[in-house]
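What follows is a set of notes on a single structure, which appears directly below.
The structure presented is a predicted model; accordingly, all values stated were derived computationally and were not measured.
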Amino acid sequence: MSDKQSAPQESVTITLNARLQPIHRGELEDALAQVLGAHSIGEICGGGSLLTDGGEVSECDIEIIATDTSPQAIEHIISFLERALAPKGSKLRIGDQVTLFGKHEGLALYLNGTDLPDEVYENSDINHVVGQLAKLLGQEGMMHSHFDGETETALYYYGSNFNTMHQLIKPFIDSYPLCQRCRVVQIA
């Protein structure tokens with residue numbers, strides 16, 4: 001019997017207070033799997049997303065089967081996630097023990113998809129919005145996912161401070177036609 005088979009296993013659930021589409025959560029899972037393997041902590045066995053009634057992701061889970069749940073192992077997991085993407089309000093659960101973590105704040109920009117004049121949709125480009133926001137935010141925030149709803153398209157940004165991110169993008173969203181009647185919401 002190998003050590004891996006004889007080592008006790010525990011279920012670890014990570015709930016990220018992040019609005020990530022499954023493909024974006026999968027990218028984070030792949031990177032986390034490397035950390036788990038490098039430190040002999042365990043392996044990812046699943047994940048999922050909690051959706052609102054409108055189909056928007058509200059949070060996501062990553063499930064781990066762990067052979068090491070020592071404080072050092074948990075610190076490796078949390079430290080990696082806080083460097084990669086761990087919004088405030090995220091949780092790590094082992095049985096009844098819950099550890100709160102997270103450093104990032106989130107900003108959702110909801111672009112109105114139905115109420116603007118037709119020429120705005122015809123002459124504007126969401127890729128221009130994404131590009132300009134990336135330039136304006138620089139190191140202060142980064143787009144991690146998006147959502148295409150029936151009446152709005154949401155762009156999800158995470159960074160160290162919601163107010164800083166909002167102030168950096170405000171002049172652009174106040175002036176670009178596709179951003180008319182948009183909503184900016186703090187999501188973490």
Side-chain angles (χ1 to χ4, degrees), residues 13-38 44 47-52 54-64 75-92 99-113 124-149 152-188:
T13 301
I14 298 164
T15 301
L16 293 174
N17 184 25
R19 298 183 185 191
L20 299 176
Q21 294 293 327
I23 191 167
H24 302 129
R25 185 190 74 241
E27 292 166 357
L28 184 61
E29 288 172 356
D30 291 346
L32 178 58
Q34 292 180 7
V35 171
L36 297 174
I44 294 173
S49 301
L50 179 63
L51 304 179
T52 66
E56 183 178 12
V57 173
S58 62
E59 64 184 32
C60 53
D61 285 349
I62 299 172
E63 300 284 339
I64 300 169
E75 180 56 33
H76 282 303
I77 294 169
I78 290 174
S79 178
F80 165 76
L81 290 170
E82 287 185 336
R83 284 190 314 274
L85 175 63
K88 293 176 180 178
S90 297
K91 301 173 199 157
L92 184 142
T99 303
L100 298 175
F101 68 99
K103 294 183 177 181
H104 299 97
E105 293 187 359
L107 179 149
L109 174 64
Y110 290 90
L111 299 172
N112 189 309
S124 299
D125 184 357
I126 194 165
N127 294 314
H128 178 69
V129 174
V130 171
Q132 288 300 306
L133 269 53
K135 286 179 190 175
L136 292 168
L137 289 171
Q139 297 297 313
E140 294 297 326
M142 181 177 160
M143 185 174 146
H144 283 272
S145 197
H146 59 86
F147 171 70
D148 295 317
E152 294 177 302
T153 296
L155 306 175
Y156 304 125
Y157 293 85
Y158 294 92
S160 60
N161 186 281
F162 168 81
N163 290 324
T164 299
M165 290 188 292
H166 190 204
Q167 290 307 310
L168 288 170
I169 67 171
K170 187 168 178 20
F172 174 76
I173 63 175
D174 286 347
S175 65
Y176 192 66
L178 190 59
C179 297
Q180 295 174 44
R181 301 180 77 176
C182 70
R183 297 185 299 127
V184 175
V185 177
Q186 185 168 1
I187 54 174

Min side-chain heavy-atom separation His144-Leu20 under 4.5 Å | yes
Could you tell me whether a side-chain N or O of Ser49 sits under 3.5 Å from a main-chain N or O of Cys60, the two making a donor and an acceptor?
-> no
So CG of Leu92 and CD of Glu75: to nearest 0.5 Å the spacing works out to 11.0 Å
Start with the C-alpha gap between Thr15 and Asp61, add the side-chain angles, then the distance that decides, and say whether side chain to side chain donor-acceptor pair (under 3.5 Å) holds.
-> CA-CA 4 Å; Thr15 301; Asp61 285 349; 2.7 Å; yes
Parallel, tilted or perpendicular, as decided by the 30° and 60° cut-offs, for the rings of His146 and His24 = perpendicular
Note: Tyr158 and Ala188 closest approach over all heavy atoms is CE2-CB, 4.4 Å
Atom pair CZ/CZ of Arg25 and Arg19 - distance to nearest 0.5 Å = 16.0 Å
Side-chain (Glu63) to main-chain (Thr13) donor-acceptor, under 3.5 angstrom | no
Take Tyr110 and Glu56 through the side-chain contact (heavy atoms from CB on, under 4.5 Å) test and state the conclusion after the steps.
-> CA-CA 12 Å; Tyr110 290 90; Glu56 183 178 12; 2.6 Å; yes
Taking the side chain as C-beta and beyond, is there a heavy-atom pair between Lys88 and Phe162 under 4.5 Å?
-> no
Cys179 vs Asp174, side-chain contact (heavy atoms from CB on, under 4.5 Å): CA-CA, chis, key distance, verdict | CA-CA 7 Å; Cys179 297; Asp174 286 347; over 6 Å; no
Side-chain heavy atoms of Leu155 within contact of Ile126, under 4.5 Å | yes
I would like to know whether Leu137 and Met165 meet side-chain contact (heavy atoms from CB on, under 4.5 Å); could you show each step before the answer?
-> CA-CA 6 Å; Leu137 289 171; Met165 290 188 292; 3.7 Å; yes
Val184 vs Leu107 side-chain heavy atoms within contact, under 4.5 Å = yes
Evaluation steps, side chain to side chain donor-acceptor pair (under 3.5 Å), between Gln21 and Tyr156 = CA-CA 10 Å; Gln21 294 293 327; Tyr156 304 125; 5.6 Å; no
How long is the span from the CG atom in Leu81 to the NE2 atom in His76, to the nearest 0.5 Å?
-> 13.0 Å
Between CD1 on residue Ile78 and OG1 on residue Thr99, distance to nearest 0.5 Å = 5.5 Å
Smallest separation among heavy atoms of Asp125 and Tyr176, with atom names = N-OH, 3.1 Å
How about Ser160 and Lys103: do any of their side-chain heavy atoms sit closer than 4.5 Å?
-> no
Check: Thr164 main-chain N/O paired with Gln167 side-chain donor or acceptor under 3.5 Å = no
Any side-chain heavy atom of Ile14 within less than 4.5 Å of one from Phe101?
-> yes
Glu29 side, atom CD; Leu36 side, atom CG - distance, nearest 0.5 Å = 10.5 Å
Side-chain heavy atoms of Leu28 within contact of Phe80, under 4.5 Å = yes
Indicate yes or no: at least one non-hydrogen side-chain atom of Leu85 is less than 4.5 angstrom from one of Leu16.
-> no
Quick one: NZ on Lys135 to CG on Leu168, what's the gap to the nearest 0.5 Å?
-> 15.0 Å
Apply the test side-chain contact (heavy atoms from CB on, under 4.5 Å) to residues Val57 and Leu51: give CA-CA distance (whole Å), side-chain angles for both, the deciding distance (0.1 Å), then the verdict.
-> CA-CA 4 Å; Val57 173; Leu51 304 179; 3.6 Å; yes
